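The structure appears below as structure tokens.
Not measured: the values here are computed from a predicted model. Both backbone and side-chain heavy atoms feed into the values below; hydrogens, waters and symmetry mates do not.
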Amino acid sequence: MIRSHIMLCSGTGCVASGCHAISDAIEAEIKAVGLESEVKIVHTGCFGLCALGPIMIIYPEGSFYAQVKPEDCKEIVDEHLLKGRIVKRLLYHETVGDDKLTNLSDTGFYKKQKRIALRLCGVIDPEHIDEYIGFNGYEALGKVLTEMKPEEVIDLLKKSGLRGRGGAGFPTGLKWEFAAKAKGEQKYVCCNADEGDPGAFMDRSILEGDPHAIIEAMTIAAYAIGADKGYVYVRAEYPIAVTRLEIAIKQAKEYGLLGENIFESGFGFDLEIRLGAGAFVCGEETALMTSIEGNRGEPRPRPPFPAVKGLFNCPTVLNNVETYANIPQIILNGTDWFTSMGTETSKGTKVFALGGNVTNVGLVEVPMGTTLREIVEEIGGGVPGGKKFKAAQTGGPSGGCIPAEHFDVPIDFEQLTAIGSMMGSGGLIVMDEDSCMVDIAKYFLGFTVEESCGKCTPCRIGTKRLYELLDKITSGNGEMSDFDMLDTLCHHIISSSLCALGQTAPNPVLSTLNYFKDEYLAHIVEKRCPAGVCKDLLRYTIIEEKCIGCTVCLKNCPTNAITGAVKVPHVINQEKCIKCDVCVEKCKFNAILKQ
């Protein structure tokens, strides 16, 4: 008789922090005391609080143990599992109450979240189909194939207001309708799991924690548009997601949920995985399809759009992982349930990978319309170290920087576009007061320069010239004419690039020009980086009144740029100084000024 379940996060983040060693240790300790028949270890997907891994939750108590080490496992078994005494020192601090544990759903990180796409991540073992079925898995597919016509499925999605979660926000039901009406004997369903934004891991986590939801949704899509073949395009850098998806596809076929005559309906659908080599441009739908076809991943002109002429020149539906993850729940719960969440034009929830200068780095899912302040301060736990919030980058390299003046903006597709950013796939990078916004724009633009496929001149050459201007400014060589050139070049790239990579590449530059113009001017006119980030603009000087001549900085300077005698204020030779920050770190008297 099983009396306790140990839910052990086995997502990429926890694997990287050592969850396999925790699993081996806890299993050995359980065997040592003879509890194998009473305690079950369940390897799950991501719980969300990725920075606290390895994570272990023990039910029925619901004790959330964070940053567990192998040497902690004996104490957990001896105290918790044998004596019923929770190990308080290992608990996630928000769950520690005065006389009892605070429920996870009542903690700051979870209480404003609403999990739909992530509903089973951290709840089931993703490598066992029976656990997915136990949580209403494949019921939506059964309902669709036995009770609904294809056009009824499409109408339901149109009424739900579900929009693509991959970035553009195009209505999912309308996209399916276009493909269903397109002429062609062969049609395809594709899933974009090529998530390549820096700091983004939403789709990966869903595939790792709930792969059957994607299989079920893609099969529903195939029925709705009249397709019998599908592909999941996932980057090879996601080995855990790929392995679990392979296992899920195999199990679905064994259960008759993929293949011929599913639910004895006469409808059949087959699904394959295609691995991407990590090219960011293959997140663009036509480049992705070109790659599936076996060619170099380059975008194609649109129109015709994929719903009319897509994979192998056949009508194709392509949605990303998060979009598909919503569909079974919409089928089962209805449109009224889904439209009750979100805003007037953006229904449902959105998953964000929350990172950067924020306390609770991790994966969150919130109703559309939740404000940026709520996500950063309440769910994210605020900016650490008492620093001030300065900006947040949404939408990855294709998005824009949202300044503190828009901290209370409700996040949905239209609101973000109106302030110069975009939803994107869901990366959300928080920056504090020590961030240089010119350097941030340069970083993201450098990424898109490297990832440009080179097919069109505006993107291949234009983004490179744009990067060179930013590099010139951060190096202290900027001129006022560069300021105007940045704006002009951005708009030329946007208007003439072939695909969304080039069309959105200037967004970080434009948004920082708009909201942080003073920082650009400081770099250009004053030859100064206000945040003290751009090394070429920094100058290290020793404050004579504070320096006691202890010689610590002198002894640690790697280039012998500091001179001075004992008990006499020291001096920095600016020509020798490489601005490595060692002197600042070593000085105990705050006698070194960096500006």
- request: Applying side chain to side chain contact (heavy atoms under 4.5 Å, CB included), run through M289 and T316 and close with a yes or a no.
  value: CA-CA 9 Å; M289 293 176 194; T316 304; 3.7 Å; yes

message: Testing the 3.5 Å rule here: is there a donor-acceptor pair between the side chains of T172 and R163?
response: no

query: Salt bridge check: are E139 and K143 linked by an N-O gap of less than 4.0 Å?
result: no

query: Hey, are the side chains of D270 and K253 touching, using non-hydrogen atoms and a 4.5 Å cut-off?
result: yes

- request: Check step by step if side chain to side chain contact (heavy atoms under 4.5 Å, CB included) holds for L318 and C191.
  value: CA-CA 6 Å; L318 172 70; C191 176; 5.7 Å; no

Over all atoms of both residues, closest heavy-atom pair of V361 and V358: CG2-O, 3.6 Å

message: Given 3.5 Å as the limit, does a donor-acceptor pair link the side chain of Q113 with the main chain of V366, or not?
response: no

message: Distance alone, cut at 3.5 Å: any donor-acceptor contact between the side chains of Y59 and S4?
response: no

message: Quick check: closest heavy atoms across G380 and L354, and the distance to 0.1 Å?
response: CA-CD2, 3.7 Å

message: Does E264 have more than 12 heavy atoms from other residues, nucleotides or ligands lying within 6.0 Å of its CD?
response: no

task: Assess whether atom NZ of K309 is packed by more than 12 heavy atoms of other residues, nucleotides or ligands within 6.0 Å.
output: no

Interatomic distance, F447 atom CZ to S398 atom OG [nearest 0.5 angstrom]: 8.5 Å

- prompt: If we only count heavy atoms from C-beta on, is the P315 to I225 side-chain gap below 4.5 Å?
  reply: no

query: Would T286 and E284 count as a side chain to side chain donor-acceptor pair (under 3.5 Å) if you check the C-alpha gap in whole Å, the side-chain angles of each, and the deciding distance to 0.1 Å?
result: CA-CA 6 Å; T286 61; E284 195 277 337; 2.5 Å; yes

- prompt: Taking 4.0 angstrom as the limit, do R204 and E195 come out as a salt bridge?
  reply: no

- prompt: Below 4.5 Å, heavy atoms only, C-beta onward: do I129 and Y138 meet side chain to side chain?
  reply: yes

- line: Sorted by chain and number, sequence neighbours left out, ring-ring contact (aromatic ring centres under 6.0 Å, His included) with F109 holds for none

- request: Answer yes or no: is there a donor N or O on one side and an acceptor on the other, between the side chain of Q393 and the main chain of V430, under 3.5 Å?
  value: no

- prompt: So, does D412 use its side chain to make a donor-acceptor pair with the main chain of S346 at under 3.5 Å?
  reply: no

query: Side-chain donor-acceptor pair under 3.5 Å between T394 and S421, yes or no?
result: yes

message: I need the minimum non-hydrogen distance between M202 and A353, along with the two atoms involved.
response: SD-CB, 3.4 Å

message: Under a 3.5 Å distance rule, please check whether N360 uses its side chain to pair with a backbone N or O of I379 as donor and acceptor.
response: yes

- prompt: Do Y223 and F269 have their ring centres less than 6.0 Å from each other?
  reply: no

- prompt: When rounded to the nearest 0.5 angstrom, what distance separates CD1 in I220 from CH2 in W176?
  reply: 6.5 Å

query: Looking at CZ of F352 and OG1 of T370, how far apart are the two atoms once the value is rounded to the nearest 0.5 Å?
result: 8.0 Å

- request: Check whether any side-chain heavy atom of E38 sits under 4.5 Å from a side-chain heavy atom of L35, and report yes or no.
  value: yes

field: Stepwise side chain to side chain contact (heavy atoms under 4.5 Å, CB included) test for M422 and F413
entry: CA-CA 7 Å; M422 63 183 292; F413 290 103; over 6 Å; no

message: Any heavy-atom pair between the side chains of L81 and I58 that's under 4.5 Å?
response: yes

query: Where do T290 and R296 land on the side chain to side chain donor-acceptor pair (under 3.5 Å) test, with the steps shown first?
result: CA-CA 7 Å; T290 303; R296 186 175 187 270; over 6 Å; no

- prompt: Considering only heavy atoms from C-beta outward, does the side chain of I6 approach that of K40 to under 4.5 Å?
  reply: no

- prompt: Should we count NZ of K455 as having more than 12 external heavy atoms under 6.0 Å?
  reply: yes

field: Electrostatic pair E365-K350, nearest N-O below 4.0 angstrom
entry: no

- prompt: When you check the gap from the basic side-chain N to the acidic O, do E71 and K69 get nearer than 4.0 Å?
  reply: no

query: Do R235 side-chain atoms and D194 backbone N/O form a donor-acceptor pair below 3.5 Å?
result: yes

- prompt: Looking at R460 and E450, does any basic side-chain N land under 4.0 Å from a carboxylate oxygen?
  reply: no

field: Spatial distance of atom CZ (R165) from atom CZ (F170) [nearest 0.5 Å]
entry: 14.5 Å

- prompt: Do S291 side-chain atoms and A287 backbone N/O form a donor-acceptor pair below 3.5 Å?
  reply: no

- prompt: In this structure, are over 12 heavy atoms from other groups packed under 6.0 Å from E260 atom CD?
  reply: no

query: Which atom names give the shortest non-hydrogen contact between P328 and A213, and what distance separates them?
result: CG-O, 3.9 Å

Donor-acceptor side-chain pairing of Q186 and D228 below 3.5 angstrom: yes

task: State whether R244 and E246 are salt-bridged, where the test is any N-O pair (Lys NZ or Arg NE/NH1/NH2 against Asp/Glu carboxylate O) under 4.0 Å.
output: no

query: Looking just at side-chain N and O atoms, do T323 and N320 make a donor-acceptor pair shorter than 3.5 Å?
result: yes

- request: Find out whether E285 and P306 are in side-chain contact, i.e. whether some heavy atom of one side chain is under 4.5 Å from a heavy atom of the other.
  value: yes

message: Taking the six-membered ring for Trp, are F178 and F305 closer than 6.0 Å centroid to centroid?
response: no

message: Before you tell me yes or no, could you show the steps for T44 and D125 under side chain to side chain contact (heavy atoms under 4.5 Å, CB included), namely the whole-Å CA-CA distance, both residues' side-chain angles and the distance that decides it to 0.1 Å?
response: CA-CA 5 Å; T44 74; D125 183 338; 6.0 Å; no

- prompt: Taking all atoms of both residues into account, what is the closest heavy-atom pair of V449 and T463, and its distance?
  reply: CG2-O, 3.4 Å

- prompt: If you measure only the distance, is there a donor-acceptor pair under 3.5 Å linking the side chains of Y324 and N192?
  reply: no

Donor-acceptor contact below 3.5 Å, side chain S497 vs main chain C499: no

query: What distance do I26 atom CD1 and L8 atom CG have between them, rounded to the nearest 0.5 Å?
result: 8.5 Å

query: To the nearest 0.5 Å, what is the distance between SG (C282) and CZ (R274)?
result: 14.0 Å

- prompt: Is a donor on one side and an acceptor on the other found under 3.5 Å between the side chain of E216 and the backbone of A140?
  reply: yes

field: No-hydrogen, no-angle side-chain donor-acceptor test under 3.5 Å, H212 and Q251
entry: yes

query: Would a distance-only check, ignoring hydrogens and angles, find a side-chain to backbone donor-acceptor pair under 3.5 Å from S23 to C19?
result: no

field: Main-chain N/O of A307 paired to K175 side chain as donor or acceptor, under 3.5 Å
entry: no

query: K229 versus E272: any side-chain heavy-atom pair under 4.5 Å?
result: yes

Exercise: do E208 and T12 side chains pair donor with acceptor under 3.5 Å: yes

- request: Write down the atom of S160, the atom of I330, and the distance for their closest heavy-atom approach.
  value: CB-CG2, 3.8 Å

